[in-house]
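In what follows, chains are A, B, ... by sequence order, proteins preceding strands, each numbered from 1. For clarity, every value in this text was computed on a predicted model and none was experimentally measured.
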2 protein chains.
Amino acid sequence: MTAVPTRRRLLDAAVPLIVEAGWGGVSTRMVAERAGVAPGVVHYHFSSVTDLLAEAGTEVTGRLLEEFAGGLARHADLGDGVRWMVAELGRYPGTDPASLLVAELYLAATRIPELRERLRGQVGGFRAVVAAWLRERGHEGDADAVAAVLAAAMDGIVLHRALDPALDPDRLAAPLLALVREGTR
Amino acid sequence: MTAVPTRRRLLDAAVPLIVEAGWGGVSTRMVAERAGVAPGVVHYHFSSVTDLLAEAGTEVTGRLLEEFAGGLARHADLGDGVRWMVAELGRYPGTDPASLLVAELYLAATRIPELRERLRGQVGGFRAVVAAWLRERGHEGDADAVAAVLAAAMDGIVLHRALDPALDPDRLAAPLLALVREGTR
DNA sequence: GAACGCCTTGGACGACTGTCCAACACACTA
DNA sequence: TAGTGTGTTGGACAGTCGTCCAAGGCGTTC
């Protein structure tokens with residue numbers, strides 16, 4: 001059996017802690033304890049706790065966005081794609097770890113320029129992928145704008161679902177379809 | 001001149017602090033100092049700092065949503081209303097105090113049930129107002145669903161704009177119009 | 001075997017935290 | 001004038017925080 005490097009274990013321990021305690025609630029000792037190492041080791045591998053959290057967080061969001069973009073690519077039809085997106089929304093009720101992590105990162109990014117830059121790149125890339133997907137499937141309008149609204153709506157829906165679990169994603173499919181269909185013939 | 005009651009001053013001091021330091025970063029002494037009172041006074045008027053923040057925050061969000069609903073009511077045409085909404089979005093680049101406060105509250109609500117209930121009520125009420133507005137202006141589809149997507153998209157756009165200031169709200173008007181026009185004849 | 005670099009340990013440091021409370025100020029009623 | 005109640009003060013309390021660092025464990029190289 002190969003031992004997991006300490007640095008890796010710190011990153012893995014940080015992610016669930018951001019979700020449980022919130023960005024500002026994660027302490028050096030918490031991460032160290034969950035990773036099973038001494039407290040001092042955090043500052044050996046990372047310049048600060050914030051640095052560790054930012055790296056651990058964006059690692060996950062990058063993976064999430066890539067998976068999502070990959071799933072979208074598997075759908076040849078605009079309607080199928082949107083319906084798949086709505087089904088995917090069902091997996092993120094807003095109170096699950098992934099949704100909470102993303103929300104924590106968005107918020108922390110407003111205060112940490114370096115984190116904001118990383119997230120901006122990831123989200124911007126995702127928007128570009130969606131826009132390209134729209135164009136390839138026959139969208140002839142302002143695909144960039146539609147992609148931006150679509151991406152923002154997805155995040156917003158997850159956020160609102162966290163407040164109100166009664167908000168049924170399936171019912172939202174029709175309006176989202178209308179959004180995507182605009183500009184096609 | 002009438003003196004502002006201490007309780008009121010604490011609430012007023014708490015709001016900008018949530019924005020500056022983040023929900024978890026606001027301390028008893030911070031609020032007291034900014035309000036110009038002794039630290040102990042916080043626990044005389046509120047059962048905890050969290051309680052103070054929740055009350056101060058929802059007071060502001062309630063006012064914001066009411067103003068927004070009122071502004072929407074002034075527009076007789078669906079198109080005019082959406083264009084007004086987009087213009088309104090320009091006032092919330094995501095890094096302004098109001099946007100940040102709302103984001104902080106959304107996130108804190110995932111961990112504080114009582115706050116979640118209050119926010120859920122406010123946002124639910126707002127969705128209902130938008131849905132009614134849609135129906136009165138001739139929307140014959142699932143106005144509740146459209147209102148939900150519209151409200152979520154607004155929040156999502158603010159969030160994304162915080163990451164990427166280059167995201168131009170004006171360009172998003174067309175897709176949002178398509179969203180609202182679905183179901184009208 | 002000695003010397004080296006990488007990694008880890010566990011505690012020291014000063015600063016800050018939320019909460020609580022005895023003491024006190026002031027306006028009001030009896 | 002004495003008494004009561006509301007509001008305020010500033011510090012005590014036990015705890016946690018991020019960061020740093022002397023000390024030591026190892027595997028590799030000379």
Novice: Within this structure, what is the CG-to-P distance between A/Leu52 and D/dG18, rounded to whole angstrom?
Specialist: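 After rounding, the gap between these two atoms is 11 Å.
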Novice: Closest heavy-atom contact between A/Phe68 and A/Trp84?
Specialist: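 Heavy-atom minimum between the residues: O-CH2, 3.5 Å.
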Novice: Less than 4.5 Å apart, any side-chain heavy atom of A/His45 and any of A/Leu10?
Specialist: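 They are in side-chain contact.
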Novice: Whether B/Arg135 and B/Asp144 form a salt bridge (side-chain N of Lys/Arg under 4.0 Å from carboxylate O of Asp/Glu) is what I want to check.
Specialist: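 Yes, B/Asp144 and B/Arg135 are salt-bridged.
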Novice: If the threshold is 4.0 Å, N to carboxylate O, is there a salt bridge linking A/Glu88 and A/Arg83?
Specialist: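 Result for this pair is no, no salt bridge flagged.
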Novice: Is it the case that over 12 heavy atoms from other parts of the model lie below 6.0 angstrom from the CD atom of B/Glu33?
Specialist: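 For B/Glu33, atom CD is not crowded (no more than 12 foreign heavy atoms under 6.0 Å).
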Novice: Just the rounded figure in Å: distance from C1' of D/dG18 to CH2 of A/Trp23.
Specialist: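 Those two atoms, CH2 and C1', are 15 Å apart.
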Novice: Can you see which heavy atom on B/Pro16 is nearest to which on B/Arg34, and at what distance?
Specialist: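 Scanning both residues, the minimum pair turns out to be CB-NH1, 3.9 Å.
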Novice: To the nearest Å, give me how far apart CG (B/Asp51) and C1' (C/dG18) are.
Specialist: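 Checked: the CG to C1' distance equals 14 Å.
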Novice: Reading DNA chain C from 5' onward, which residue's closest nucleotide shows up sooner: A/His45 or B/Val49?
Specialist: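 In this pair, the answer is A/His45.
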Novice: For A/Leu17 and D/dT16, what is the distance between atoms CG and C1' respectively, to the nearest whole Å?
Specialist: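 Atom-to-atom, A/Leu17 to D/dT16, this comes out as 16 Å.
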Novice: Are the aromatic rings of A/Trp23 and A/Tyr106 close, with centres under 6.0 Å apart?
Specialist: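 Judged by ring-centre distance (under 6.0 Å), A/Trp23 and A/Tyr106 do not meet the cut-off.
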Novice: What are the atom names and distances for every N/O pair under 3.5 Å that joins the protein to nucleotides 15-17 of chain C?
Specialist:
from, atom 1, to, atom 2, distance (Å)
C/dT17, OP1, B/Ser27, OG, 3.0

Novice: In terms of side-chain heavy atoms of B/Ser48, which of C/dT19, C/dT9, D/dT8 is nearest?
Specialist: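 The answer is C/dT19, which lies nearest to the side chain.
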Novice: If I take atom OH in residue B/Tyr44 and atom C1' in nucleotide D/dG10, what distance separates them, rounded to the nearest angstrom?
Specialist: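 Whole-Å distance recorded here is 17 Å.
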Novice: Applying a 4.0 Å non-hydrogen cut-off, can you work out what B/Val37 is touching in the nucleic acid: base, sugar-phosphate, or nothing?
Specialist: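 Sugar-phosphate only.
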Novice: Could you work out the complete set of other residues in the hydrophobic cluster of B/Leu107, with links drawn between I, L, V, M, F, W and Y side chains under 4.5 Å apart?
Specialist: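 B/Leu107 shares its hydrophobic cluster with A/Leu107.
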Novice: Can we say A/Glu67 and A/Arg63 salt-bridge, meaning some charged N sits less than 4.0 Å from an Asp/Glu carboxylate O?
Specialist: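 Between A/Arg63 and A/Glu67 there is no salt bridge, as every charged N stays at least 4.0 Å from the carboxylate O atoms.
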Novice: For a quick check, with a 4.0 angstrom heavy-atom cut-off, what is the B/S/- contact string for nucleotides 20-25 of chain C, read 5' to 3'?
Specialist: B-----
Novice: I need the CZ-C1' distance between A/Phe46 and D/dC20, as an integer number of Å.
Specialist: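 To the nearest whole Å, that distance equals 18 Å.
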